[in-house]
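First the proteins, then the strands, lettered A, B, ... as listed; each starts at 1.
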There are 2 protein chains.
Amino acid sequence: MTREEISTAPTASPRTKAVKTSRYRANSTTTTCAAPIQIPYTPRDPRDGLAPYIISPSAHPPSIVLKETPTSVFIRDAFPKALVHALLLPRDPEKTMLHPFEAFKDEGFLAQVRADAEELKGLVARELRRKICGRGTVAGGGGVNWGAEVRVGVHAGPSMNHLHVHVISREGFSDRVKKRVHYSALLPHPDPNSFNTAFFVPLDELPLRGDDPRWEHHERARLLKMDYTCWRCGRGFKNSFVGIKQHIAEEFVEWKKALLEAEGGGDRGAASSQFDASSSSV
Amino acid sequence: MTREEISTAPTASPRTKAVKTSRYRANSTTTTCAAPIQIPYTPRDPRDGLAPYIISPSAHPPSIVLKETPTSVFIRDAFPKALVHALLLPRDPEKTMLHPFEAFKDEGFLAQVRADAEELKGLVARELRRKICGRGTVAGGGGVNWGAEVRVGVHAGPSMNHLHVHVISREGFSDRVKKRVHYSALLPHPDPNSFNTAFFVPLDELPLRGDDPRWEHHERARLLKMDYTCWRCGRGFKNSFVGIKQHIAEEFVEWKKALLEAEGGGDRGAASSQFDASSSSV
DNA sequence: GAATCATAAC
DNA sequence: GAATCATAAC
């Protein structure tokens with residue numbers, strides 16, 4: 001959120017752009033040796049925390065790096081903001097330091113990332129199904145389109161320096177959701193007057209139109225401060241973080257239940273928990 | 001935690017003490033009419049939030065006020081710091097504004113509160129069993145001493161003005177546990193060198209000896225800043241709130257499982273939740 | 001970005 | 001006491 005405003009002017013060639021952008025920091029340690037991938041990266045800077053996965057995916061355990069493709073690295077988000085939350089990291093060193101709105105002006109690049117994102121979306125959808133229905137084979141199951149429960153997109157104002165695409169289950173239930181921006185950045189803002197006005201920008205809505213207000217820092221800041229609304233029922237919670245958080249927990253239970261029933265299977269009552277029961281006698 | 005240090009000097013008679021103590025505030029609205037119970041109470045002061053339950057228990061729904069006895073009111077804690085968390089509010093107007101260490105110098109009063117606390121402990125233990133084992137009758141159940149999972153005591157430095165005793169399940173798992181003092185105030189500090197050095201003081205350890213360091217504000221402040229340790233396994237977490245919080249969540253699962261098994265019954269797999277599964281494939 | 005700590009205003 | 005907001009230091 002503290003990243004500087006990016007220019008909306010047409011960019012120079014990607015290679016020169018990477019060093020001209022405000023996102024290229026003076027103290028970055030661009031290596032000049034023949035390393036496989038050269039990207040700006042300051043090891044101690046937490047905003048550069050995604051770089052190691054791009055530079056050397058194989059240095060990380062498979063529990064974190066889910067897969068490498070020729071063009072992308074798939075990882076788990078270290079602080080998942082939903083039941084399943086993965087990131088797609090494009091490997092292209094010409095793109096990795098660009099703001100997503102800039103990077104995805106390149107329609108060829110966008111098409112490639114979309115293809116990779118489809119693959120990651122499949123993995124995330126499968127994991128989501130497993131978490132909700134359990135590992136067992138579901139006799140007569142398959143009634144749910146699990147991909148429809150997964151959102152794919154970028155933040156209008158990313159806080160991590162390297163280009164990444166979120167692939168995340170849409171319920172937003174996680175104990176890592178601790179403050180306003182965590183909801184604001186991931187949940188859509190139902191707004192009858194303006195369809196696209198959300199901080200989370202689906203990959204399908206890119207490239208962003210030149211006149212989209214989200215090019216402006218001011219509009220992005222505004223989106224992060226809007227009243228909370230529930231992604232599922234649209235109910236509003238004004239400025240109450242505790243209120244929306246409690247409600248999201250309740251919707252989580254209902255959402256799981258509905259999916260489990262719709263799937264037509266499930267094992268061992270995986271989604272039930274007595275702890276969630278609302279009534280009690282003491 | 002911001003309450004002033006209380007005097008350790010012998011108190012005057014209880015009736016005069018109530019107005020001499022530093023806890024009696026100048027703007028309190030002690031009623032002078034023939035109201036059933038007269039206690040200092042400023043309606044808008046959040047630290048006086050327990051007073052309404054003492055003054056008029058019947059004005060509150062049974063979901064909040066669990067029971068009245070001639071000497072106490074039992075309520076649910078509005079911000080439970082564990083699976084089950086109730087409060088015992090002594091009704092005696094001569095005691096309600098005293099610090100618990102002062103109030104429980106009176107051994108007759110202490111004996112009465114202990115008797116009431118035993119009753120509330122039974123209710124809490126029953127509710128705990130229900131939450132972990134479910135509502136159904138448990139064939140062959142009864143292997144667990146549920147009362148042993150419930151702690152009864154006071155805070156060395158209460159933040160609410162009216163005398164109250166916590167009756168709380170000991171696992172400390174709740175989404176209302178959000179900061180250091182929430183753990184520090186409720187979890188014991190396993191300390192091989194000093195048995196009683198905890199901010200939570202069991203009713204069984206009262207009256208406090210005159211030389212107990214917890215009479216001093218300095219010692220109470222120290223207890224709230226000690227490193228985190230797990231109530232169940234004793235593992236230490238230094239100053240990491242997130243670390244202890246995550247661990248407590250894991251111990252919660254194990255604790256439930258162990259109790260459910262020990263009870264020798266349980267229904268509908270009440271304590272299981274696929275969401276708690278540790279491994280995953282994406 | 002996470003996490004600890006401090007601070008109004010209730 | 002809860003809750004929102006702001007702020008270092010990583």
For A:E219, all residues meeting salt bridge (charged side-chain N to carboxylate O under 4.0 Å, His left out), sequence neighbours excluded: A:R222
To the nearest angstrom, the CD1-C1' distance between B:I244 and C:dA3 comes to 16 Å
Does B:H182 have any ring-ring contact (aromatic ring centres under 6.0 Å, His included) partners at least two apart in sequence or in another chain, and if so, which? none
When you measure from the side-chain N and O atoms of A:H155 to the phosphate of C:dG1, is any distance below 4.0 Å, counting only OP1 and OP2? no
Contacts of B:F104 meeting ring-ring contact (aromatic ring centres under 6.0 Å, His included) (sequence neighbours excluded), chain-then-number -> B:F109
Less than 4.0 angstrom between a side-chain N/O of A:H164 and OP1 or OP2 of C:dG1, yes or no? no
Test salt bridge (charged side-chain N to carboxylate O under 4.0 Å, His left out) applied to B:R170 - qualifying residues, sequence neighbours left out: B:E149
So, taking the atom named CG in B:L163 and the one named NZ in B:K95, what distance separates them when rounded to the nearest 0.5 Å? 9.5 Å
Per-nucleotide protein contact along nucleotides 4-10 of chain D, 5' to 3', at a 4.0 Å heavy-atom cut-off (B base, S sugar-phosphate only, - neither), is SS----B
Report the distance from atom CZ of B:R176 to atom P of D:dA2, rounded to the nearest whole Å. 8 Å
Nearest whole Å is fine: how far is D:dA3 C1' from B:H182 NE2? 10 Å
Within this structure, what is the OG-CG distance for the pair B:S184 and B:D227, rounded to the nearest 0.5 Å? 10.0 Å
What stems show up for DNA chain C when you take Watson-Crick pairs (N1-N3 plus N6-O4 or O6-N4) and G-U wobbles (N1-O2, O6-N3), both under 3.5 Å, and require three or more consecutive pairs? none
Just the rounded figure in Å: distance from P of D:dA3 to CZ of B:R47. 15 Å
Checking A:E68 now: which residues fulfil salt bridge (charged side-chain N to carboxylate O under 4.0 Å, His left out) with it, not counting sequence neighbours? A:R91
Interatomic distance, A:D45 CG vs C:dA2 P [rounded to whole Å]: 14 Å
Tell me which nucleotide among C:dA3, D:dA3, C:dG1 gets nearest to the side chain of A:K178. C:dA3
Donor-acceptor pairs under 3.5 Å, side chain of residues 49-61 of chain A to any protein atom, not counting sequence neighbours: which ones?
residue: A:S56; atom: OG; partner: A:P52; partner atom: O; Å: 3.4
residue: A:H60; atom: NE2; partner: A:P52; partner atom: O; Å: 3.4

Which residues satisfy the ring-ring contact (aromatic ring centres under 6.0 Å, His included) test with B:H166, sequence neighbours excluded? B:H85, B:H155, B:H164
For B:K81 and D:dA2, is the shortest distance between a side-chain N/O and OP1 or OP2 below 4.0 Å? yes
Rounded distance in Å - CD (B:Q246) to P (C:dA2): 15 Å
